[in-house]
Amino acid sequence: MATTLASITQYLDNRGWKYYKDIPNSRIITGVQLKNVEDFLISLQLTENGEFLQIIAPKLLHVNDSVYKGVLFQTMLAISWEVKMLRFEYDRIDGEIRASIELPLEDSPLTERQFNRALEGLIDLVDRVAMPRLKTVLATGSDPGTKSLASSLLDAIPEEVLNLLQEALAIRQQQHDS
């Protein structure tokens, strides 16, 4: 069974949110106040007869001529690599950048738990992770999320191996001091 706008509006009602139903376009428009995004709109778009849900944050940025556009795109791809579910979209005609989470529902109805996870994920990742980095890139041309090689290696090494390395370095230091 496919998901309906009625089930999504019920989930929003359970959250106490205000929204606008655009029935002809099979979508709901809502929004929330965020720290790092002005006018944060959310479009909940059902397609394929309710078998596919897109949760879209439109108009996050507009970039047409920025000298840092390449770094910005690299940063968006890096963020998509680093986090679950979030993807970015770019309209080359008007320069709009938006973020989205898409759920192929197929023959399963969307549960409230799935809906809340995807919605909260989009909100949190855009506000806390993406927008601070993307704004910094547009202002400076540098991605503040870029890690050094040493930091990336540390992230890849399990904690128990790091502890053994620390012990080995302490032994080496003792041998050197003797």
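These numbers come from the heavy atoms of this one structure, side chains and all, not from hydrogens, waters or symmetry mates. Predicted, not measured: the structure shown is a model, and the values here were computed from it.
- Of all non-hydrogen atoms in V137 and D143, the two that sit nearest each other are CG2-CA, 3.6 Å.
- Put simply, the side chain of K21 never gets that close to the backbone of T9: no donor and acceptor are under 3.5 Å apart.
- Taking CD1 from I8 and OG from S26, the interatomic distance works out to 8.0 Å, rounded to the nearest 0.5 Å.
- Shown here is K59, whose NZ atom has no more than 12 heavy atoms of other residues, nucleotides or ligands within 6.0 Å.
- One side chain, N14 or E112, offers a donor N or O that lies under 3.5 Å from an acceptor on the other.
- The structure places CD1 of I101 at 10.0 Å from CD1 of I42, a figure rounded to the nearest 0.5 Å.
- In this structure, CG on L61 lies 13.5 Å from CZ on R98, to the nearest 0.5 angstrom.
- Linking ILVMFWY residues whenever their side-chain heavy atoms come closer than 4.5 Å, directly or via other members, leaves M131 and I56 in distinct clusters.
- Hydrophobic clustering (ILVMFWY, side-chain heavy atoms < 4.5 Å, transitive): L34 and M76 are in one cluster.
- Contact check for F115 versus L103: no side-chain heavy atoms found under the 4.5 Å cut-off.
- Taking the side chain as every heavy atom from C-beta outward, L119 and Y11 never approach each other to under 4.5 Å.
- Smallest separation of non-hydrogen atoms from S43 and P58: N-CD, 4.5 Å.
- Side-chain N/O atoms of Q173 and D177 include a donor and acceptor closer than 3.5 Å.
- Within the model, atoms CG of N64 and CZ of R92 stand 13.0 Å from one another, a figure rounded to the nearest 0.5 Å.
- Between the CD1 atom of I79 and the CD atom of Q74 there is a distance of 12.0 Å, given to the nearest 0.5 Å.
- In this structure, E51 CD and E106 CD are separated by 5.5 Å, a value rounded to the nearest 0.5 Å.
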- prompt: How far apart are the C-alpha atoms of L72 and I97, what are their side-chain angles, what is the distance that settles it, and do they pass the side chain to side chain contact (heavy atoms under 4.5 Å, CB included) test?
  reply: CA-CA 10 Å; L72 182 76; I97 292 177; 3.5 Å; yes
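- The shortest heavy-atom contact between P132 and V126 is CD-O, 4.2 Å.
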query: Is there a side chain to side chain contact (heavy atoms under 4.5 Å, CB included) between L53 and T3 once you walk through the steps?
result: CA-CA 9 Å; L53 173 66; T3 295; over 6 Å; no
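- In this structure, the side chains of L138 and S66 come closer than 4.5 Å at one or more pairs of heavy atoms.
- The number of heavy-atom neighbours closer than 6.0 Å to CG of N163, taken from other residues, nucleotides and ligands shown, is above 12.
- Across all their heavy atoms, A78 and R133 have their closest contact at CB-NH2, 4.0 Å.
- Connection of L77 to V63 is not established within any shared hydrophobic cluster, with ILVMFWY side chains joined at heavy-atom distances below 4.5 Å, either directly or through further cluster members.
- Exactly one residue among Y90, Y68, F88 makes a ring pair (Phe, Tyr, Trp, His ring centres under 6.0 Å) with F73. That residue is Y90.
- Heavy atoms from other residues, nucleotides or ligands lying under 6.0 Å from CG of D94 number more than 12.
- Residues Q114 and P109 approach most closely at OE1-O, 3.9 Å, considering heavy atoms.
- A donor-acceptor pair under 3.5 Å links the side-chain atoms of T30 to the main chain of K18, judged by distance alone.
- Of the charged side-chain nitrogens involved, at least one lies within less than 4.0 Å of a carboxylate oxygen, so that D22 and R27 count as a salt-bridged pair.
- The hydrophobic clustering, which links ILVMFWY residues whose side-chain heavy atoms are closer than 4.5 Å, places W17 and I55 together.
- Of all heavy-atom pairs spanning T136 and S142, the tightest one is CG2-O, 3.9 Å.
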